[in-house]
Amino acid sequence: MMYVKEKQRIVVKVGTSTLTHATGHLNLRRIEALVKVISDMKNAGHQMVLVSSGAVSAGVAKVGLGHIPETPEEKQAMAAIGQSELMKLYDRFFSDYGHTVAQMLLTKDVVENPMRRAAAENTFRRLLDMNCIPIVNENDSVSTDELTKFGGNDMLSAHVACVCDADLVLNLSDVDGLYDSDPRKNPDARLIGRVERIEDVLSSAGGAGTSRGTGGMMAKLRAAQITTSQGIPMFILNGHDPEILYTLMDGGHVGTYFVADEAKAEDRKRRHAYDR
Ligand code: GLU
């Protein structure tokens, strides 16, 4: 099955544990590899949107704090420091491959307010028309409460996919995909290649992710629930080697594929015949 080939607009989500070393410092080799693959996908004709975590961790590492802070104020400050560090690198690496990046920082109240959401939709459309690669993160420095916080970048990436009307989400994680039981506890756990109905696999999701990231499998399943219900399929893949994305580009299958709601997917196709 050609999972990627016919998809025009693709959101790639990458988590903190993929982008940083255990020290919290940015993993330059991994980020460079990721940038190269995304650039190549762009060169192959896809419109690419990157949802990147790593701001808090990069900030903590830069100021030498040594641990992720407890208080929201400190976390917000770390995000402000790390976000510019992160964008500096993306800008440099993507420029090397001839691409222009654009920073989009979102909060939940933006996507939930029709006027502000429309403004964000227009900006994404314009950026993609101009051949840019939008790089999105939560605006951590100002999002502090239930009203403004997405609750992690898995959820953010699902909302971004809907806001920018994406055709596919590739969620790069630190696990190979969804297993039928927790692979950290059960050596016989088996990878599930394809999920038709998320309700059937909810019990397979374990708890939290790593100490540096926030995701965990449950957050990814909730994200998949949002995208697939809007007709947008999603993959969970291991981002340890970003070149895994070439396997998908070449028509192979890796990780776990979440099938989109068929009726919604048909609606999207019909609409795109007019508006793309
Ligand atoms: N927005 C956070 C950051 O950039 C990450 C949140 C998450 O990974 O879920 O550090």
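What you see is a predicted model; the values in this text were computed from it and never measured. Throughout, residue positions are numbered sequentially from 1 according to the sequence presented.
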query = Looking at residues at least two apart in the chain, or sitting in another chain, which of them share a ring-ring contact (aromatic ring centres under 6.0 Å, His included) with Y179?
reply = none
Hey, are the side chains of [X] and [Y] touching, using non-hydrogen atoms and a 4.5 Å cut-off?
{"X": "I10", "Y": "V49", "result": "no"}
{"X": "V11", "Y": "D167", "result": "no"}
{"X": "L106", "Y": "N139", "result": "no"}
{"X": "V259", "Y": "T228", "result": "no"}
{"X": "K36", "Y": "E243", "result": "yes"}
{"X": "C132", "Y": "V101", "result": "no"}
{"X": "V160", "Y": "M104", "result": "no"}
{"X": "T227", "Y": "P233", "result": "no"}

task = Given salt bridge (Lys or Arg N to Asp or Glu O under 4.0 Å), test E266 with R268 step by step and report yes or no.
result = CA-CA 5 Å; E266 280 305 315; R268 298 188 69 247; over 6 Å; no
Distance-only, no hydrogens or angles: does the [X] side chain make a donor-acceptor pair with backbone N or O of [Y] under 3.5 Å?
{"X": "H25", "Y": "T20", "answer": "no"}
{"X": "R9", "Y": "C164", "answer": "yes"}
{"X": "E138", "Y": "F150", "answer": "yes"}
{"X": "T16", "Y": "G54", "answer": "yes"}
{"X": "N113", "Y": "R116", "answer": "yes"}
{"X": "T247", "Y": "G252", "answer": "no"}
{"X": "N238", "Y": "D241", "answer": "no"}
{"X": "T18", "Y": "V14", "answer": "no"}
{"X": "D180", "Y": "R190", "answer": "yes"}
{"X": "S141", "Y": "Q76", "answer": "yes"}

S53/N153 under side chain to side chain donor-acceptor pair (under 3.5 Å): CA gap, chis, key distance, verdict = CA-CA 7 Å; S53 306; N153 279 15; 2.8 Å; yes
For the student: nearest non-hydrogen atoms of [X] and [Y], plus distance:
{"X": "S57", "Y": "G24", "result": "OG-O, 3.1 Å"}
{"X": "Q225", "Y": "L202", "result": "NE2-CD1, 4.5 Å"}
{"X": "L86", "Y": "A55", "result": "CD2-N, 3.9 Å"}
{"X": "I232", "Y": "A161", "result": "CD1-O, 3.8 Å"}
{"X": "L147", "Y": "K108", "result": "O-CB, 3.6 Å"}
{"X": "H46", "Y": "K5", "result": "CE1-O, 3.5 Å"}

If hydrophobic clusters are built from ILVMFWY residues whose side chains come within less than 4.5 Å, do [X] and [Y] share one?
{"X": "L28", "Y": "V37", "result": "yes"}
{"X": "M78", "Y": "L105", "result": "no"}
{"X": "L191", "Y": "I244", "result": "no"}

Would you mind checking if [Y] and [X] are paired as a salt bridge, meaning a charged N to carboxylate O distance below 4.0 Å?
{"X": "K13", "Y": "D154", "answer": "yes"}
{"X": "K264", "Y": "E262", "answer": "no"}
{"X": "D165", "Y": "R125", "answer": "no"}
{"X": "D182", "Y": "K185", "answer": "yes"}
{"X": "R270", "Y": "D267", "answer": "yes"}

Spacing of [X] atom [atom1] and [Y] atom [atom2] [to the nearest 0.5 Å]:
{"X": "K149", "Y": "D109", "atom1": "NZ", "atom2": "CG", "value": "12.0 Å"}
{"X": "Q8", "Y": "L168", "atom1": "CD", "atom2": "CG", "value": "12.5 Å"}
{"X": "M234", "Y": "I226", "atom1": "CE", "atom2": "CD1", "value": "10.0 Å"}
{"X": "D129", "Y": "L127", "atom1": "CG", "atom2": "CG", "value": "9.0 Å"}
{"X": "E196", "Y": "D261", "atom1": "CD", "atom2": "CG", "value": "11.5 Å"}

ask   = Residues in side chain to side chain contact (heavy atoms under 4.5 Å, CB included) with S173, at least two apart?
value = N171, V175, K220, I236
message = Evaluate H21 against R30 for side chain to side chain donor-acceptor pair (under 3.5 Å), listing each step before the verdict.
response = CA-CA 10 Å; H21 290 286; R30 179 101 32 86; over 6 Å; no
request  = Determine, stepwise, if the pair T100 / I133 fulfils side-chain contact (heavy atoms from CB on, under 4.5 Å).
outcome  = CA-CA 6 Å; T100 302; I133 299 176; over 6 Å; no
request  = Classify the side-chain pair N186/S181 by whether it contains a donor and acceptor separated by less than 3.5 Å.
outcome  = yes
request  = Check whether the side chains of Y246 and D40 place a donor and an acceptor atom closer than 3.5 Å, and report yes or no.
outcome  = yes
inquiry  = I need the single residue from Q47, K42, H99 that forms a side-chain hydrogen bond (donor to acceptor under 3.5 Å, both in side chains) with N131. Which is it?
reply    = K42
key: Test side-chain hydrogen bond (donor to acceptor under 3.5 Å, both in side chains) applied to R29 - qualifying residues, sequence neighbours left out   = none
task = List the steps, then state whether side-chain contact (heavy atoms from CB on, under 4.5 Å) holds for L178 with L221.
result = CA-CA 9 Å; L178 176 68; L221 293 188; 4.1 Å; yes
query = Can you check whether F235 and F258 have ring centres sitting under 6.0 Å from each other?
reply = no
message = One pair to check against side-chain contact (heavy atoms from CB on, under 4.5 Å): S52 and V136. What are the steps and the verdict?
response = CA-CA 6 Å; S52 175; V136 192; over 6 Å; no
query = Is the number of heavy atoms from other residues, nucleotides or ligands under 6.0 Å of E199 CD greater than 12?
reply = yes
query = Crowded around M115 CE? As in, over 12 foreign heavy atoms under 6.0 Å?
reply = no
task = Applying side-chain contact (heavy atoms from CB on, under 4.5 Å), run through I135 and F94 and close with a yes or a no.
result = CA-CA 11 Å; I135 300 183; F94 274 111; 4.1 Å; yes
request  = Evaluate the side chain to side chain donor-acceptor pair (under 3.5 Å) criterion for residues H240 and D176: first the C-alpha distance (whole Å), next the side-chain angles of each, then the deciding distance (0.1 Å), finally the verdict.
outcome  = CA-CA 9 Å; H240 180 80; D176 290 341; over 6 Å; no
